[in-house]
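Throughout, protein chains are lettered first and strands after them, A, B, ... in sequence-line order, and every chain is numbered starting at 1.
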2 protein chains.
Amino acid sequence: MFRLSRGSEYAIRGMLHLALQPQGKISFIDEISAAQKVPRAYLAKIFQTLTKKGFLRSVRGPGGGFALRKDPAEITLLDVIEAMEGEISLNECLIHAGYCEMDSICPVHDIWREAQARFLEFLSECDFSKLAESARLKAKRVKDAAK
Amino acid sequence: MFRLSRGSEYAIRGMLHLALQPQGKISFIDEISAAQKVPRAYLAKIFQTLTKKGFLRSVRGPGGGFALRKDPAEITLLDVIEAMEGEISLNECLIHAGYCEMDSICPVHDIWREAQARFLEFLSECDFSKLAESARLKAKRVKDAAK
DNA sequence: ATAAAAAGGACCTTTTCGGTCTTATTGACA
DNA sequence: TGTCAATAAGACCGAAAAGGTCCTTTTTAT
Ligand code: FES
Ligand code: FES
């Protein structure tokens, strides 16, 4: 179906939520899953893997929760998506050179490579400080319009 | 996993095979599936749907087979992929406006829309006459190198 | 000690993928 | 007219992935 997984989407929404908090603030899963409308248990699992991958800092025990481990500007959309889905390749043939015996003949190969490169580049240009910024702008616009 | 389906790949390889034949030449499934290393029965099914979608012309009975129905230059990669996978949208939220209640707030939405637009544009710029052309070039290069 | 959090992992249902197989049709040709 | 070579149509299937749930363990603030 060629669609990003829900897991990635949830991960991104969750991280964005954290990026919008005051720096270093610990939020807990319940709050985030409610705010972002993501199933609690699922989000918990997602945050576990994001923690293992080094994007989040987790604190256990009462008052515990999650916060970003890195500067939002240091985390790109691509990073998060790859953390969730593994390395992205549009096509089996792109996974490792040599997988496809037709490499040297098949002209579609080059198209995939180029399309993928552009796509990844675009995603890697988008970091969470930018996302947070534009989320704030959007929220403001909505508020202003309501007045 | 964010990968194009094999179905699309096979479809593209099959169409490319046809695009490389002299115009109007009828090829049969057996020949194509052997040349492109695609399971015969599967390719047959794929060609059925490509026929229904108007990309191929099919001829039944002895000596029957398939040929392109349109000028190769009139068929783009995007056309074929969409024929196989349905309309592409990177994200559930992009399928129809209004699906996602967070449209007006979520900043990721715009990123998806843009990324998708670029991706689709790229694929729609690649038609089968170009592909055939570069396939011929590649084949020639391989042959020359073998000398 | 208690309770509030995350960590870890087993398990589960539904959907999609990537096919196969069987049974029609169709039509060229002997 | 019968036979055979081809596609058409569609039922069916196993494996994998998506998208979760649930339960137990560990940590830790109070
Ligand atoms: S089929 Fe492998 S690169 Fe085209
Ligand atoms: S969550 Fe729907 S657009 Fe971002």
(message) Which residues in residues 28-37 of chain A have a heavy atom closer than 4.0 Å to any atom of DNA chain C?
(response) Phe28(A), Ile29(A)

(request) Give the C-alpha distance, both sets of side-chain angles, the deciding distance and a yes or no for salt bridge (charged side-chain N to carboxylate O under 4.0 Å, His left out) between Arg6(A) and Glu92(B). (result) CA-CA 8 Å; Arg6(A) 249 173 239 249; Glu92(B) 310 265 357; 3.4 Å; yes

(message) For DNA chain C, which residues of residues 16-27 of chain A approach it to below 4.0 angstrom with any heavy atom?
(response) none

(request) Between Phe2(B) and Phe66(B), name the one whose nearest nucleotide on DNA chain D is closer to the 5' end. (result) Phe66(B)

(request) Could I get the full list of side-chain contact (heavy atoms from CB on, under 4.5 Å) partners for Arg141(A), not counting sequence neighbours? (result) Lys138(A)

(request) Please work out if Phe47(A) contacts a base, only the sugar-phosphate, or nothing of the nucleic acid, heavy-atom cut-off 4.0 Å. (result) nothing

(request) In whole angstrom, give the distance that lies between atom CD of Gln48(B) and atom P of dA8(D). (result) 6 Å

(message) Tell me whether Glu85(A) contacts the main-chain N or O of Ser5(A) through its side chain, where contact means a donor paired with an acceptor under 3.5 Å.
(response) yes

(message) On the nucleotide dA6(D), are OP1 or OP2 found under 4.0 Å from the side-chain N or O atoms that Ser58(B) carries?
(response) no

(message) What is the first contacted nucleotide of DNA chain C and what is the last, in 5' to 3' order, if contact means an atom lying under 4.0 angstrom from a heavy atom of chain A?
(response) dA4(C) to dC17(C)

(request) Rounded to 10°, tell me the angle between the two end axes of the helix from dA1(C)-dT30(D) to dA30(C)-dT1(D), each built from five pairs. (result) 10°

Might you list the N or O atoms of the protein lying below 3.5 Å from N or O atoms in nucleotides 21-30 of chain D, with each pair's distance?
unit_1  : atom_1 : unit_2   : atom_2 : d
dT26(D) : O2     : Arg60(A) : NH2    : 3.1

(message) Could you tell me if Gln21(A) and Ser27(A) have a donor-acceptor pair between their side chains, going purely by distance under 3.5 Å?
(response) no

(message) Heavy atoms only, 4.0 Å cut-off, all strands: where does Tyr10(A) land among base, sugar-phosphate and nothing?
(response) sugar-phosphate

